[in-house]
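Input: a single structure, listed below in structure tokens.
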Amino acid sequence: MRVSQLFFQTLKEVPKEAQIESHRLLYRAGMIQKLASGVYNYLPLVLRSIRKLEDIIREELNKRGCQEVLMPSVQPAELWQESGRWSYYGPELLRLKDRKGGDFCLGPTHEEVITDMVRRNLRSYKQLPYNLYQFQSKFRDEVRPRFGLMRGREFIMKDGYSFDVSEEKAKESYKKMYEAYNAIFRRSGLKFKPVDAATGAIGGDMSHEFQVLADAGEDTILSCSKCDYAANLEKATSVYKENELDFSAVPPMKDVATPDQKSVEEVAAFLGKTTEEIMKSMIYMVDEEPVLILVRGDKEINEAKVQAFCKGNAVELASDSVIEEISSAEHGFIGPVGLKKQIKILADYSVTTMPSLTAGANKVGFHTENVVIKRDFTPDAISDFVITTAGERCPHCDGVLEECRGIEVGQVFYLGTKYSSKMKCEFIDESGASVPAVMGCYGIGVGRTVQAAIEQNHDEFGIIWPMAIAPYEAIVLPLQMNKEEVKNAAFDFYEKLNMAGVETVIDDRDERAGFKFNDADLVGYPVQVIFGAKSLEKGIVEVKIRKTNEKQEVKIDEAIDFIVNFKKEELKQK
RNA sequence: CGGGGUGUAGCGCAGGCCGGUUAGCGCAUCGGUUUUGGGAACCGAGGGUCGGAGGUUCGAAUCCUCUCACCCCGACCA
């Protein structure tokens, strides 16, 4: 490809919406254009990177027995009503009507469609397993799209779904995909980490996210300094367990006046205690059921853990009117002892680490001191309900948890029969019974991964593509377009490099050297081959490796081999 | 959804409070001359329904009303 013919334009100034470097670089290098909020045109350069990533994904999946399909982006409402998500997916689901008034949506994901597709074909256990995937544009009407391809409304995603005869087999499929994902991201040249993840609205009970490590990432990850434990903030746990303390010396409960002292900090300061000595009590609504959550005052409640523990769909703080029905006090004075109406009580492990705590008295303006768990009240469960923070101990070894930021580029879920039973995706098993297939689902944000690669690999001059997903692998730069011998030598080399299997462009624009250098650095071709009049006389070209920004002189007739070898080295799995 | 902000040439912006002939600047584009190893200089040119609708006025980019779009922080989501 001749750069003069390439559909792109590099920019010095970018739209102000671009807040992070990878987004700015996508604009500056002429790779994307915004069409609407969170909706982008993909220009030739990024599309090539995207296609390369897709090819890597395809190869790793096909190798493992997966089959590619393509499902529509417009989906009928009936399927979503069948799974129950039509009503509870919310405004993120873009709904449409056709001319006859029929309800449709733009697919934000394809569980319903694939489940329907498979059930039409599935009869016998002998057919399974199936593992089907596609590359398709998804649409999620995000509240706040941002960061370019990283959180767009329309985005390219590879989504895959496995169907197995049993839980055991499904977990094997899950494991296989987990390994495939590791291979995919390793081959793409990214620094990443698989982490334990919460399952959220998709459901299921086992999940890992693949996080590309980058400071601009939207997700917080906690990982162990010693072992390979790593988890999404929502899922992360620390070493805390239930403590068995001796309460015999604790005096009986006593109410103390705490007028207008509502927050943990206020109560602690008022009573001359530390926040660790206060019990934080919050009433949440898990779907329709009120639940009292208790954590030590210095901790924060992790709603995702509450949701997972209760197996609920939605968790939110209870309204004042609900609180009124349950306690005689308003929020700020709620506690586990003396509730007007008994509700489920869930205590975090941290509550058991102190011999006694001060809790709300369920009387406005009063707290109760010396509240002892299991003596003065009995929780329905004691488990982990708090947000784990950096500095806490690893749950698996004696290491310490460290915090870093990540961009979620892939996620694997074990789904079980959540969709297959609701949608009757069943088969006849060996005993002749009709049973639902056991499912898993597996996503990779393709555009997001490409942008994550930029976020992780750039410098002050521009993008530094990993060889495996670079739009082109090399660029030839004839510096004096007005000198025939330079031009001819460069074109000749460009042809040969392409023949040798290196994807190469030539910057044949009549521009000054500096302009071409800067553009080449910005776009981030891994290799630059520089043809200058002076070195050409000596039969030499300069080869610049973008990764290190080092230039070296190479004899022209050795340069092809040199670059072919460099490429080979770069593509070796590290 | 709450708070804040912005729409003026392809991109980045000025002008607006205080209404007044041809609406400016930088980048980009086109032509010319000189340049040519790290985003060249000079001369010249093209490009705008000032987001849209309505209103006030002799006169509106500027003031008023409505509307649309977009951005930032938060909440939400995975």
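Within every chain, numbering begins at 1; the chains are lettered A, B, ... in the order of the sequence lines, protein sequences first and strands thereafter.
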_Whether A/Thr417 side chain and A/Ser420 backbone form a donor-acceptor pair below 3.5 Å_ =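 Absent.
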*Do any N or O atoms from the side chain of A/Arg146 and from the backbone of A/Arg151 form a donor-acceptor pair under 3.5 angstrom?*
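No.
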*Looking only at side chains, do A/His208 and A/Tyr174 share a donor and an acceptor under 3.5 Å apart?*
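Judged by distance alone, the side chains do pair up.
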*Taking the six-membered ring of A/Tyr472 as reference, does the NZ or CZ atom of A/Arg48 fall below 6.0 Å from its centre and within a 45° cone about the axis?*
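Because its charged atom sits under 6.0 Å from the ring centre and within 45° of the axis, A/Arg48 does stack over A/Tyr472.
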Of all the nucleotides listed ([options]), which has the minimum atom distance to the side chain of [X]?
X	options	value
A/Leu522	B/G39, B/C76, B/G37	B/G39
A/Lys34	B/C71, B/G38, B/A78	B/C71
A/Lys551	B/G39, B/C13, B/G37	B/G37
A/Phe517	B/G37, B/C76, B/C77	B/G37
A/Glu542	B/G38, B/C71, B/G37	B/G37
A/Asn518	B/G37, B/G74, B/G39	B/G39
A/Ser535	B/G39, B/G37, B/C77	B/G37
A/Arg512	B/G37, B/G74, B/U36	B/U36
A/Asp219	B/C72, B/A78, B/G37	B/A78
A/Asp521	B/C71, B/G38, B/U6	B/G38

Assigned partner base of [N], Watson-Crick or wobble definition, under 3.5 Å:
N	answer
B/C70	B/G5
B/A40	B/U34
B/U22	none
B/A60	none

Set out, line by line, the N/O atom pairs under 3.5 Å between protein and nucleotides 23-29 of chain B.
| from | atom 1 | to | atom 2 | distance (Å) |
| --- | --- | --- | --- | --- |
| B/G26 | N2 | A/Glu13 | OE1 | 2.5 |
| B/A28 | O2' | A/Gln9 | NE2 | 2.8 |

*State, with a plain yes or no, whether a side-chain heavy atom of A/Met467 is found less than 4.5 Å away from one of A/Glu473.*
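In short, these two side chains touch, coming nearer than 4.5 Å.
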*asked:* I'd like to check A/Asp141 versus A/Pro91 (side-chain heavy atoms, cut-off strictly below 4.5 Å). Are they in contact?
replied: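 The answer is no; the side chains never approach within 4.5 Å.
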_Distance check needed: B/C72 C1' versus A/Ile20 CD1, whole Å only._
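Going from CD1 in A/Ile20 over to C1' in B/C72 covers 14 Å.
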_The criterion is ring-ring contact (aromatic ring centres under 6.0 Å, His included); which residues satisfy it with A/Trp465, sequence neighbours excluded?_
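Counting only residues at least two positions away or on another chain, A/Trp465 forms no ring-ring contact (aromatic ring centres under 6.0 Å, His included).
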*Taking the nucleotide of RNA chain B with the closest heavy atom to each, which residue, A/Gly514 or A/Ala36, is nearer the 5' end?*
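With A/Gly514 and A/Ala36 compared, the 5'-side residue is A/Gly514.
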_On RNA chain B, compare the nucleotides closest to A/Val14 and A/Gly38; which residue's is nearer the 5' end?_
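It is A/Val14 whose nearest nucleotide is closer to the 5' end.
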Validation: residues 8-15 of chain A side-chain donor-acceptor distances under 3.5 Å, sequence neighbours left out:
| from | atom 1 | to | atom 2 | distance (Å) |
| --- | --- | --- | --- | --- |
| A/Thr10 | OG1 | A/Asp519 | OD1 | 2.7 |
| A/Thr10 | OG1 | A/Asp519 | OD2 | 3.3 |

*asked:* Would you say A/Lys16 places a side-chain N or O within less than 4.0 Å of OP1 or OP2 belonging to B/G5?
replied: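 The answer is no; no side-chain N or O of A/Lys16 sits under 4.0 Å from OP1 or OP2.
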